[in-house]
Amino acid sequence: MSNCSSRALTLLSSVFGACGLLLVGIAVSTDYWLYMEEGIVLPQNQTTEVKMALHAGLWRVCFVAGREKGRCVASEFFHGPDTDIVTENTANILKTIRSATPFPMVSLFLVFTAFVISNIGHIRPQRTILAFVSGIFFILSGLSLVVGLVLYISSINDEVMNRPSSSEQYFHYRYGWSFAFAASSFLLKEGAGVMSVYLFTKRYAEEEMYRPHPAFYRPRLSDCSDYSGQFLHPEVWHRGRSPSDISSDVSIQMTQNYPPAIKYPDHIHISTSPC
């Protein structure tokens, strides 16, 4: 990364941030975080019969097999009396994963804020601090999302481990593409955050490199700031001689070196008369 130019870092951070925002937005708004399937094992030929299959998101549960096939309900109402759930553990899984819902939402808000600040910083690169602020927001967004993912996974694992084992019933679950989008978004946002922070350090280093050395400024004559004396005491500035000053000196020198006028003695009288 040390060999990347500021332009390359600007482009990469923008692309990573946009992709992270897009993926987490899709993940939050879709219902394919989790697939679950329940059924029974027939003792005659050891085949399985699906009793219920569903896919669930953060807000909605949709049934794809069983008596509720084709029905979608909000996640807070899926365990109502009119919903056919095979086992209580399945209902507990769908209830406990709701504890992870706020974290992806916070992550979505943070990454949107980071993306806006980052673009403003790219439009106005002289405001170097904006790159640093957007990088911090990208990193915080990724951390919020990964906390939600960890809670989501742990909630499912706890309920699966507490599920009673039975040779007559089977249970299967897997994570969907919405969950994969959320996990990919975490990597993209962390990458965008790291590149934004590095872009800030690079721009700051370039500003320091091209900033004039303090020796080029006029001497400090005030305690207010390092360079304020040049504005507070203009009478002590060192100025070059103006053309009028030079012409005055030349005139004085010529006057001093010019020979005096010829004076005749008083007894000599020069007449101008023709007689």
Side-chain angles (χ1 to χ4, degrees), residues 1-2 4-34 55-61 74-76 94-158 174-205:
M1 187 179 292
S2 59
C4 293
S5 63
S6 297
R7 182 175 298 179
L9 289 173
T10 300
L11 178 62
L12 288 176
S13 62
S14 298
V15 171
F16 276 46
C19 292
L21 175 61
L22 178 64
L23 290 182
V24 74
I26 294 174
V28 167
S29 59
T30 53
D31 353 316
Y32 294 90
W33 283 64
L34 182 67
H55 59 82
L58 300 177
W59 317 105
R60 196 170 63 162
V61 178
S75 58
E76 61 266 26
L94 296 174
K95 283 188 292 186
T96 54
I97 60 178
R98 291 182 58 197
S99 62
T101 302
F103 293 96
M105 293 300 300
V106 172
S107 176
L108 179 61
F109 172 75
L110 291 175
V111 72
F112 178 77
T113 305
F115 185 71
V116 172
I117 296 175
S118 176
N119 284 315
I120 295 175
H122 297 336
I123 295 173
R124 299 183 176 181
Q126 67 274 14
R127 298 189 175 182
T128 312
I129 192 64
L130 292 179
F132 179 77
V133 173
S134 65
I136 295 300
F137 271 89
F138 275 126
I139 294 174
L140 291 177
S141 174
L143 293 178
S144 175
L145 181 59
V146 77
V147 169
L149 295 178
V150 170
L151 286 176
Y152 192 88
I153 296 172
S154 61
S155 300
I156 297 173
N157 290 341
D158 291 342
R174 61 186 176 89
Y175 299 102
W177 55 266
S178 297
F179 183 88
F181 274 23
S184 303
S185 174
F186 162 72
L187 298 177
L188 290 171
K189 287 185 288 188
E190 293 300 312
V194 171
M195 283 186 287
S196 296
V197 173
Y198 186 74
L199 177 62
F200 162 74
T201 59
K202 198 172 185 65
R203 286 178 178 173
Y204 185 80

Go through the steps for F181 and T30 under the test side chain to side chain contact (heavy atoms under 4.5 Å, CB included), then give the verdict.
CA-CA 10 Å; F181 274 23; T30 53; over 6 Å; no

Given 3.5 Å as the limit, does a donor-acceptor pair link the side chain of S13 with the main chain of L9, or not?
yes

Carefully, step by step, assess L21 and L108 under the rule side chain to side chain contact (heavy atoms under 4.5 Å, CB included).
CA-CA 7 Å; L21 175 61; L108 179 61; 3.9 Å; yes

Nearest heavy-atom approach of F186 to G142 is CD1-O, 3.1 Å

Y175, OH: over 12 other non-hydrogen atoms inside 6.0 angstrom:
yes

Yes or no on side chain to side chain contact (heavy atoms under 4.5 Å, CB included) for W177 and I26, after CA distance, side-chain angles and deciding distance?
CA-CA 10 Å; W177 55 266; I26 294 174; 3.9 Å; yes

Please find the pair of heavy atoms, one from L34 and one from R174, that lie closest to each other, and give the distance.
CD1-O, 3.4 Å

For the student: nearest non-hydrogen atoms of I139 and G193, plus distance
CG1-CA, 3.9 Å

I'd like to know if the side chain of S185 reaches the main chain of G20, judged simply by a donor and an acceptor atom lying under 3.5 Å from each other, with no hydrogens or angles considered.
yes

Distance in Å, L145 CG paired with L187 CG, rounded so as to fall on 0.5 Å steps:
9.5 Å

Atom CG in L110, atom CD1 in I136: separation rounded to 0.5 Å?
12.0 Å

How many angstroms lie between atom OG of S107 and atom CZ of F112, to the nearest 0.5 angstrom?
13.5 Å

Give a yes or no on whether the backbone of F109 and the side-chain of T113 come within a donor-acceptor separation of less than 3.5 Å.
yes

Walk me through it: do V111 and F138 pass the test side chain to side chain contact (heavy atoms under 4.5 Å, CB included)?
CA-CA 6 Å; V111 72; F138 275 126; 3.8 Å; yes

Quick one: CD1 on I97 to CD1 on I156, what's the gap to the nearest 0.5 Å?
5.5 Å

Taking every non-hydrogen atom, the tightest pair across A183 and L149
CA-CD1, 4.0 Å

Which distance, rounded to the nearest 0.5 Å, do you find between the CZ of F179 and the CG of L58?
10.5 Å

Fit a plane to each ring of W33 and Y152, take the angle between them on a 0 to 90° scale, and name the class: parallel (under 30°), tilted (30 to 60°) or perpendicular (over 60°).
tilted

Closest non-hydrogen contact found for S134 with A131 is OG-O, 2.9 Å

Donor-acceptor pair, side chain of S196 and main chain of A192, under 3.5 angstrom:
yes

From OG (S178) to CG (L23), nearest 0.5 Å:
11.0 Å

Hey, does the side chain of S144 reach the backbone of L140 with a donor-acceptor pair shorter than 3.5 angstrom?
no

If you look at every heavy atom in A100 and L151, which pair is closest and at what distance?
CB-CB, 4.0 Å

Determine yes or no for a side-chain-to-main-chain donor-acceptor pair under 3.5 angstrom, with W59 supplying the side chain and T101 the backbone.
no

